[in-house]
Amino acid sequence: MKVLEDKIRTYGRALSDDVLLVDMFLNHQIDCELMREMGAEFARLFRDERVDRVVTVEASGIAPALMTALELRVPLVVLKKSASVINQGALQTEVFSFTKQKSYLLTLKPEYMPAGERVLLIDDFLANGEAALGAARLIEQAGGVVAGIGIVISKNYMPGLQRLRDAGYNVSALAQISAMGQGYVRFVGEEG
Ligand code: G4P
């Protein structure tokens, strides 16, 4: 998605091959118009999947997921990462974040995931795929069907995208980074 790649080129800052700072428009200050455009694009990409519900992981997935759910006119469910009072009777799965080097319990109340519904999972970054695989596990544990996975920024040189596709999921990413290092970002199609 060109508008997103342009934002990353203009305002993103690659600190290393691990971390791309996008806090100017995605996860600290939020560019609402960009979120609207991304929601429309996710809705277009997954239009044929008969999506009943959008699911995301807190916190940075919420903005693009909300705009996608609005566009598709379906409910949005946010998987929780922090221990909280909702844990009683909730489904949980452990996820290890390589980027942050820590584990957390992803949590879902089953009443917000009716069995048989088709789910579009939206998240901000895809690196190793742990968060997306954990979210898919929870959705499926509750009886939902993962109809698609939409990612804002995929670091394609990391294993996440391949792992999700190998697991059989229909994955689309709006910006796909083929290489990144301190001070540079290269998108798929720009190699050479
Ligand atoms: P994985 O799920 O694909 O395995 O990735 P990993 O655990 O390594 O990273 C997930 C967390 O790290 C997410 O944040 C994600 O937003 C963040 N992250 C991954 N790569 C980048 C990056 O290049 N830049 C930035 N800014 N963040 C990155 P989270 O723990 O879910 O926190 P939140 O920000 O959503 O609250």
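Treat the numbers as computed from the prediction; the structure is a model and nothing was measured. Atoms within each ligand, like the ligands themselves, are counted from 1 in listed order.
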Under 4.0 Å, heavy-atom basis, I'd like to know which part of Asp18 is in contact with ligand 1: side chain, backbone, both or neither.
backbone

Mind checking whether Asp124 contacts ligand 1 via backbone (N, CA, C, O), side chain (CB onward), both or neither, at a 4.0 Å heavy-atom cut-off?
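It is the side chain that touches ligand 1; the backbone stays farther off.
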
Pick whichever of [options] has a heavy atom sitting closest to [atom].
{"atom": "atom 9 (O) of ligand 1", "options": "Ile62, Thr99, Leu26", "answer": "Thr99"}
{"atom": "atom 31 (O) of ligand 1", "options": "Arg163, Lys81, Arg13", "answer": "Lys81"}
{"atom": "atom 17 (C) of ligand 1", "options": "His28, Lys100, Gln101", "answer": "Lys100"}

Within 4.0 Å of atom 19 (C) of ligand 1 (strictly less), any protein heavy atom?
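So atom 19 (C) of ligand 1 has protein heavy-atom neighbours under 4.0 Å.
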
Say whether [X], considering both its backbone and side-chain N or O atoms, lies within less than 3.5 Å of an N or O atom on ligand 1.
{"X": "Leu126", "value": "no"}
{"X": "Glu130", "value": "yes"}
{"X": "Phe125", "value": "no"}
{"X": "Ala131", "value": "yes"}
{"X": "Ala59", "value": "yes"}
{"X": "Val19", "value": "no"}

A side-chain contact here means heavy atoms from C-beta on lying under 4.5 Å apart; do [X] and [Y] qualify?
{"X": "Leu45", "Y": "Leu174", "value": "yes"}
{"X": "Phe42", "Y": "Glu71", "value": "no"}
{"X": "Lys81", "Y": "Val57", "value": "yes"}
{"X": "Met113", "Y": "Ile139", "value": "yes"}
{"X": "Ser172", "Y": "Glu41", "value": "no"}

So how far is it from [X] [atom1] to [Y] [atom2], rounded to the nearest 0.5 Å?
{"X": "Met38", "Y": "Ile153", "atom1": "CE", "atom2": "CD1", "value": "8.0 Å"}
{"X": "Thr107", "Y": "Gln92", "atom1": "OG1", "atom2": "CD", "value": "3.5 Å"}
{"X": "Met35", "Y": "Leu4", "atom1": "CE", "atom2": "CG", "value": "8.0 Å"}

Gly129 touching ligand 1 at heavy-atom level, < 4.0 angstrom
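A heavy atom of Gly129 does come that close to ligand 1.
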
Does the residue Val57 have a heavy-atom contact with ligand 1, meaning some pair of atoms that are separated by less than 4.0 Å?
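Contact absent.
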
I'd like to check which ligand 1 atoms, numbered from 1 as shown, lie under 4.0 Å from a non-hydrogen atom of [X].
{"X": "Asn27", "value": "26 (N)"}
{"X": "Asn128", "value": "1 (P), 3 (O), 4 (O), 5 (O), 8 (O)"}
{"X": "Ser97", "value": "6 (P), 7 (O), 8 (O), 9 (O), 10 (C)"}

Which residue holds the protein heavy atom closest to [atom], what is that atom called, and what is the gap in Å?
{"atom": "atom 34 (O) of ligand 1", "answer": "Ser60 OG, 2.8 Å"}
{"atom": "atom 21 (C) of ligand 1", "answer": "Lys155 NZ, 3.4 Å"}
{"atom": "atom 5 (O) of ligand 1", "answer": "Ala127 CB, 3.5 Å"}
{"atom": "atom 26 (N) of ligand 1", "answer": "Leu20 O, 3.1 Å"}

Counting neighbours of CD on Gln182 that are heavy atoms of other residues, nucleotides or ligands and sit closer than 6.0 Å, is the number greater than 12?
no

Do NZ/NE/NH1/NH2 and the carboxylate oxygens of Asp166 and Arg163 come within less than 4.0 Å?
no

Using the rule side chain to side chain contact (heavy atoms under 4.5 Å, CB included), only one of Ile8, Val19, Leu21, Val185 pairs with Arg13; which is it?
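One option only clears the test, and that one is Leu21.
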
Does anything in residues 14-37 pair up under side-chain hydrogen bond (donor to acceptor under 3.5 Å, both in side chains), and if so which pairs, sequence neighbours excluded?
Lys7-Asp31, Glu33-Arg36

Any donor and acceptor pair, going by atom type alone, linking the side chain of Arg53 with main-chain N or O of Tyr112 inside 3.5 Å?
yes

